[in-house]
Number of protein chains: 2
Amino acid sequence: MIWETHTATQNGLHTEHVSGIARICHKWKVPIIPFSGGSSVEGHISAPFGGVSIVFAYMDRNVKLNKDDMDVVVQPSVCWTDLNQELAKQGTGLWFPIDPAPSAKIGGMIGTNCSGTNAVRYGTMRDWVINMTIVLADGSVVKTRRRPRKCSAGYNLNGLIVGSEGTLGVVTEATLKLAAVPDHFSVAVVPFDDLRGAVSAAADIIWRGMRIVNEGGATRPRVWKETPTLFLKFSGTKGPVDDSIKTVREIMKPYSPPAFEFARDEHEQKMLWSARKESLYSLLAMREDGEEMWNTDVAVPLSRLADIIEDSKAHAASLGLKACVKGHIGDSNFHENITYNKADPKEAEKAKMAVKTMVKRALEMEGTCTGEHGVGIGKKDALLREVGEDTIQVMKLLKGVLDPYWIMNPGKVFNR
Amino acid sequence: MIWETHTATQNGLHTEHVSGIARICHKWKVPIIPFSGGSSVEGHISAPFGGVSIVFAYMDRNVKLNKDDMDVVVQPSVCWTDLNQELAKQGTGLWFPIDPAPSAKIGGMIGTNCSGTNAVRYGTMRDWVINMTIVLADGSVVKTRRRPRKCSAGYNLNGLIVGSEGTLGVVTEATLKLAAVPDHFSVAVVPFDDLRGAVSAAADIIWRGMRIVNEGGATRPRVWKETPTLFLKFSGTKGPVDDSIKTVREIMKPYSPPAFEFARDEHEQKMLWSARKESLYSLLAMREDGEEMWNTDVAVPLSRLADIIEDSKAHAASLGLKACVKGHIGDSNFHENITYNKADPKEAEKAKMAVKTMVKRALEMEGTCTGEHGVGIGKKDALLREVGEDTIQVMKLLKGVLDPYWIMNPGKVFNR
């Protein structure tokens with residue numbers, strides 16, 4: 001990954017190349033499936049109707065850093081972790097705070113409106129996109145906006161495109177907001193006796209208006225005590241961080257967590273946080289031969305989070321499934337990871353049942369079938385139940401007018 | 001304004017009534033112009049092609065408070081200041097933090113994607129809408145979403161509708177996020193010798209990643225020293241607020257502001273802040289007979305704010321106009337208020353020239369013709385120059401498919 005000027009970029013692959021492909025595909029009505037990081041878990045990069053997979057591997061350049069404006073122009077295959085490494089290496093004092101899977105790339109992150117453990121403090125992908133260059137189905141190229149951080153001029157095409165899963169157009173360049181790197185971080189790990197205590201304590205923190213980076217959940221990583229555990233990350237200048245820690249300790253008292261472990265230095269911070277950040281990989285490593293992992297997410301109103309996590313854990317257990325629940329409690333968004341043997345029809349059926357029931361419960365609680373992973377192929381039925389036929393119809397009208405032949409990532413979000 | 005259950009609401013005016021009007025208007029191709037607070041400054045509530053003005057005066061109910069979920073369901077004529085008074089009166093510990101003109105109402109606030117002095121800390125209207133009930137041009141009714149605070153399910157209709165200025169549909173109900181009221185506030189007023197110092201000091205604060213409520217600018221209210229002045233609002237728990245004040249003092253040292261006045265109690269906070277919040281009214285009061293006020297806004301990338309404010313002040317002065325510049329410096333968004341005699345053709349021409357030049361300069365700096373007021377009638381040409389014909393064409397396609405006869409607030413945002 002290198003920093004280039006606009007001129008240099010024009011020697012590499014750029015928007016016009018993608019536009020050329022789209023023009024041909026449009027003429028021959030051939031589906032286009034965009035591919036950047038490939039870390040989607042809902043089948044976004046599959047090609048149910050065949051077609052051309054546009055792999056952005058060679059569009060991985062940081063086009064321009066506008067340090068004084070705190071923004072950066074990037075191509076779709078820039079990986080957010082590489083971007084942050086580069087910003088740190090150059091000593092900019094800036095970072096891009098949205099943190100999905102470490103291998104996720106900007107194009108796909110825009111597609112799913114991703115977020116991650118920092119969302120309660122920094123929001124989701126859609127809050128960090130200033131403008132995008134989009135290739136539409138017929139190959140025409142539009143730029144959504146100029147470069148102001150705040151804008152009320154015309155329709156918010158950013159808002160529509162971010163999260164549209166490549167079904168309305170393909171992003172070939174994006175300007176992203178950057179944030180100042182906080183002076184100070186701290187990490188705490190708090191095991192609880194029961195799940196409801198852990199979730200309620202986290203809800204209380206949010207209620208106090210604290211915008212610490214807050215990630216909680218009931219993880220079962222290998223080396224930790226097997227109990228519901230809150231992972232908390234604090235950031236800011238030293239004073240506020242110390243103050244937040246004090247307040248959080250007070251808030252947690254009534255829930256009497258048996259322990260409250262704080263990182264004493266940066267190394268310990270990394271050790272403590274890694275338990276959460278690596279929990280998916282730990283789970284993947286624990287699979288036995290032939291086992292697969294079903295990783296899915298839902299989100300509900302704040303007051304229902306403990307209910308749905310308890311329900312989902314109990315249901316998975318009653319089915320005899322190995323399931324791990326971990327959540328972004330501040331956002332009432334959580335993940336269930338089910339380890340199962342796909343080749344065993346009974347077990348596959350049980351896994352399907354567990355996910356279906358969890359989604360159904362989330363919708364009954366006025367929640368959503370996905371807080372950050374997107375709909376893809378896997379949740380089309382759920383989306384229809386979630387918003388209803390009339391709202392889907394509006395989405396299809398918007399799709400149809402921008403992509404009359406439905407060549408942009410067809411078969412995702414909803415059926416034709 | 002009263003809190004009602006869903007059942008009670010159905011005895012008042014509600015979505016179905018608006019839908020009925022739309023069905024008739026659609027049949028006879030009659031324009032619909034929605035009206036809630038009427039505080040728009042870009043002609044959104046005018047009727048250039050005649051039509052029906054839907055006045056939401058009797059749709060002013062808080063439908064449901066979901067306290068534990070930190071959200072509230074409201075009708076479009078709820079005024080944000082009334083909502084906050086009610087939330088305080090009930091001792092909820094919650095508030096709605098978006099603060100445009102005190103008379104603004106939720107419907108119009110959604111229409112323009114408004115913001116205000118809290119934006120640098122809390123974002124803009126679009127960040128606070130969980131779902132909306134929309135009446136489309138043909139009278140059909142859709143709900144954009146259920147009630148999760150975070151969502152990646154299907155197209156982000158919220159993002160498209162918020163800021164579309166009533167041209168895509170009419171909002172009849174909205175669920176809004178609420179935030180915890182900060183424990184502690186503080187206000188500081190810092191006069192500077194020169195404008196660039198004021199803007200640079202504010203930029204440095206943003207650079208340090210501080211999310212204090214920050215509102216700066218060069219105001220000239222009557223009782224204050226006539227010098228560029230930063231108004232800063234701090235919020236949070238006491239520790240972080242004290243810490244922020246300390247950090248801000250340090251950051252400002254190199255710019256040697258001649259004074260640094262802090263509020264010592266709540267009364268002083270109100271006094272100090274009122275100078276900023278009431279500056280528009282002070283200016284209006286200062287008008288001489290026959291004089292009007294042209295209140296407009298632009299936004300630019302962070303590093304260009306001092307340039308465009310200096311340019312705009314100098315240009316207005318060279319034209320002999322009375323102009324006041326005040327900005328939301330954290331968002332690189334600022335307002336120019338020009339007092340002029342509309343009946344005097346020469347002065348009217350000069351005012352027009354001042355605004356046109358300011359917008360032109362903002363676009364040259366990769367900025368936008370409006371950061372929070374919207375396009376309305378006044379900035380259609382500017383929007384076209386800002387995003388270009390191809391992007392406008394995409395907006396028109398979206399408009400056309402949802403409103404084939406262009407009956408929804410026609411003549412706003414762009415021409416047919």
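Note that the coordinates shown come from a computational prediction; the quantities given were computed from them, not determined experimentally. Proteins come first, then strands; the chains are lettered A, B, ... in the order of their sequence lines, and each starts at number 1.
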Enquirer: Look at B:V162, B:D183, B:L94 and state which one has the largest set of heavy-atom pairs under 4.5 Å with chain A.
Expert: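 Greatest number of close heavy-atom pairs with chain A: B:L94.
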Enquirer: Looking only at atom types and distance, does a side-chain atom of A:K379 sit under 3.5 Å from a main-chain N or O of A:C369, one as donor and one as acceptor?
Expert: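 Here the side-chain-to-backbone pair exists.
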Enquirer: Between B:E366 (side chain only) and A:P148 (backbone N and O only), is there a donor and an acceptor less than 3.5 Å apart?
Expert: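 A pair under 3.5 Å: no.
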Enquirer: Heavy-atom count around B:D381 CG within 6.0 Å, excluding the residue itself: above 12?
Expert: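 Not more than 12 within 6.0 Å, no.
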Enquirer: Contact part of A:S164 toward chain B, heavy-atom cut-off under 4.5 Å: side chain, backbone, both or neither?
Expert: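 Both the backbone and the side chain of A:S164 come within 4.5 Å of chain B.
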Enquirer: If you count heavy-atom pairs under 4.5 Å between each of A:K67, A:R126, A:Q393 and chain B, which one has the most?
Expert: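 If we count pairs closer than 4.5 Å to chain B, A:R126 comes out on top.
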Enquirer: Strictly by modelled atom types, are A:N131 and A:T175 linked by a side-chain donor-acceptor pair under 3.5 Å?
Expert: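 Per modelled atom types, A:N131 and A:T175 side chains form a pair under 3.5 Å.
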Enquirer: Pairing donors with acceptors under 3.5 angstrom, does anything connect the side chains of B:H44 and B:E165?
Expert: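 Yes, a side-chain donor-acceptor pair sits under 3.5 Å.
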Enquirer: Using a cut-off of under 4.5 Å for heavy-atom pairs, which of A:L168, A:L178, A:D127 has the most such pairs with chain B?
Expert: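 Between A:L168, A:L178, A:D127, the count favours A:L168.
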Enquirer: Flag the one option from B:A153, B:A299, B:G400, B:C114 with the top tally of heavy-atom pairs under 4.5 Å to chain A.
Expert: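 Result: the option with the highest number of such pairs is B:A153.
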Enquirer: Please determine, among B:G154, B:A382, B:G374, the option with the most heavy-atom pairs under 4.5 Å with chain A.
Expert: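 Counting heavy-atom pairs under 4.5 Å, the top option is B:G154.
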Enquirer: Is it the backbone or the side chain of A:K399 that comes under 4.5 Å from a heavy atom of chain B, or both, or neither?
Expert: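 For A:K399, backbone and side chain are both near chain B.
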Enquirer: Could you check B:D69 against B:R147 for salt bridge (Lys or Arg N to Asp or Glu O under 4.0 Å), going step by step and ending with a plain yes or no?
Expert: CA-CA 9 Å; B:D69 298 324; B:R147 215 161 43 79; 3.0 Å; yes
Enquirer: Pick whichever of A:V141, A:V300, A:T112, A:L157 has the most heavy-atom pairs under 4.5 Å with chain B.
Expert: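 Among the listed options, the one with the most contacts to chain B is A:L157.
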Enquirer: Go through B:S303, B:G93, B:G159, B:S140 and name the one with the most non-hydrogen pairs under 4.5 angstrom from chain A.
Expert: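 Highest number of heavy-atom pairs under 4.5 Å: B:S303.
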Enquirer: Using distance alone, with no hydrogens and no angle criterion, decide if A:E372 and A:S115 have a side-chain donor and acceptor under 3.5 Å apart.
Expert: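 Note: A:E372 and A:S115 side chains meet the donor-acceptor criterion.
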Enquirer: For A:V375, is it the side chain, the backbone, both or neither that has a heavy atom under 4.5 Å from a heavy atom of chain B?
Expert: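 Contact with chain B: backbone and side chain both.
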Enquirer: Chain B heavy atoms under 4.5 Å from A:K380: which part of the residue, side chain, backbone, both or neither?
Expert: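 Neither part; nothing is under 4.5 Å.
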Enquirer: Against chain B, label A:T167 side chain, backbone, both or neither, depending on which of its atoms sit under 4.5 Å from a heavy atom there.
Expert: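 It is both, since atoms from each part get that close.
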Enquirer: Which bit of B:D242 is near chain A, if near means a heavy-atom gap under 4.5 Å: side chain, backbone, both or neither?
Expert: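 When you check distances to chain A, no heavy atom of B:D242 falls under 4.5 Å.
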Enquirer: A:T92 versus chain B, heavy atoms under 4.5 Å apart: side chain, backbone, both or neither?
Expert: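 The answer is the backbone of A:T92.
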Enquirer: Would you call the rings of B:F185 and B:W95 parallel, tilted or perpendicular, where under 30° means parallel and over 60° means perpendicular?
Expert: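 Rings of B:F185 and B:W95: perpendicular, as their planes differ by over 60°.
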Enquirer: Is the side chain of B:D403 donor-acceptor paired with the backbone N or O of B:M408 at a distance under 3.5 Å, no angle test?
Expert: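 Here the side-chain-to-backbone pair exists.
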Enquirer: Given the options A:L383, A:V387, A:V413, which has more heavy-atom pairs under 4.5 Å with chain B than any of the others?
Expert: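 Answer, by heavy-atom pair count under 4.5 Å with chain B: A:L383.
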Enquirer: Counting only heavy atoms closer than 4.5 Å, note whether A:L397 contacts chain B via side chain, backbone, both or neither.
Expert: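 Both backbone and side chain of A:L397 come within 4.5 Å of chain B.
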Enquirer: What part of A:V298 lies closer than 4.5 angstrom to a heavy atom of chain B: side chain, backbone, both or neither?
Expert: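 For A:V298, neither part sits under 4.5 Å from chain B.
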Enquirer: Check each atom of A:N66 against the heavy atoms of chain B and say whether the ones under 4.5 Å are side chain, backbone, both or neither.
Expert: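 For A:N66, neither part sits under 4.5 Å from chain B.
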Enquirer: Does A:E250 pair with A:K246 as a salt bridge, N-O distance under 4.0 Å?
Expert: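 Answer for the salt bridge query: no.
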Enquirer: Please check: side-chain N/O of B:R304 versus main-chain N/O of B:S332, any donor-acceptor pairing under 3.5 Å?
Expert: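 No, because the side chain of B:R304 does not come within donor-acceptor range (under 3.5 Å) of the backbone of B:S332.
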Enquirer: Please rank B:G239, B:G163, B:C151 by heavy-atom pairs under 4.5 Å with chain A and give me the top one.
Expert: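 Most pairs with chain A among the choices: B:C151.
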Enquirer: One thing to verify: whether A:E386 and B:R146 come together as a salt bridge, which I'm taking to mean a side-chain N less than 4.0 angstrom from a carboxylate O.
Expert: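 No, B:R146 and A:E386 are not salt-bridged.
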Enquirer: Go through the atoms of A:L136 and report whether side chain, backbone, both or neither lie under 4.5 Å from a heavy atom of chain B.
Expert: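 Only the side chain of A:L136 comes within 4.5 Å of chain B.
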Enquirer: Fit a plane to each ring of A:H335 and A:H328, take the angle between them on a 0 to 90° scale, and name the class: parallel (under 30°), tilted (30 to 60°) or perpendicular (over 60°).
Expert: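 A:H335 vs A:H328 ring planes: perpendicular.
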Enquirer: Which of the residues B:T391, B:D390, B:N113, B:L160 is involved in the greatest number of heavy-atom pairs with chain A at under 4.5 angstrom?
Expert: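 The option with the most such pairs is B:T391.
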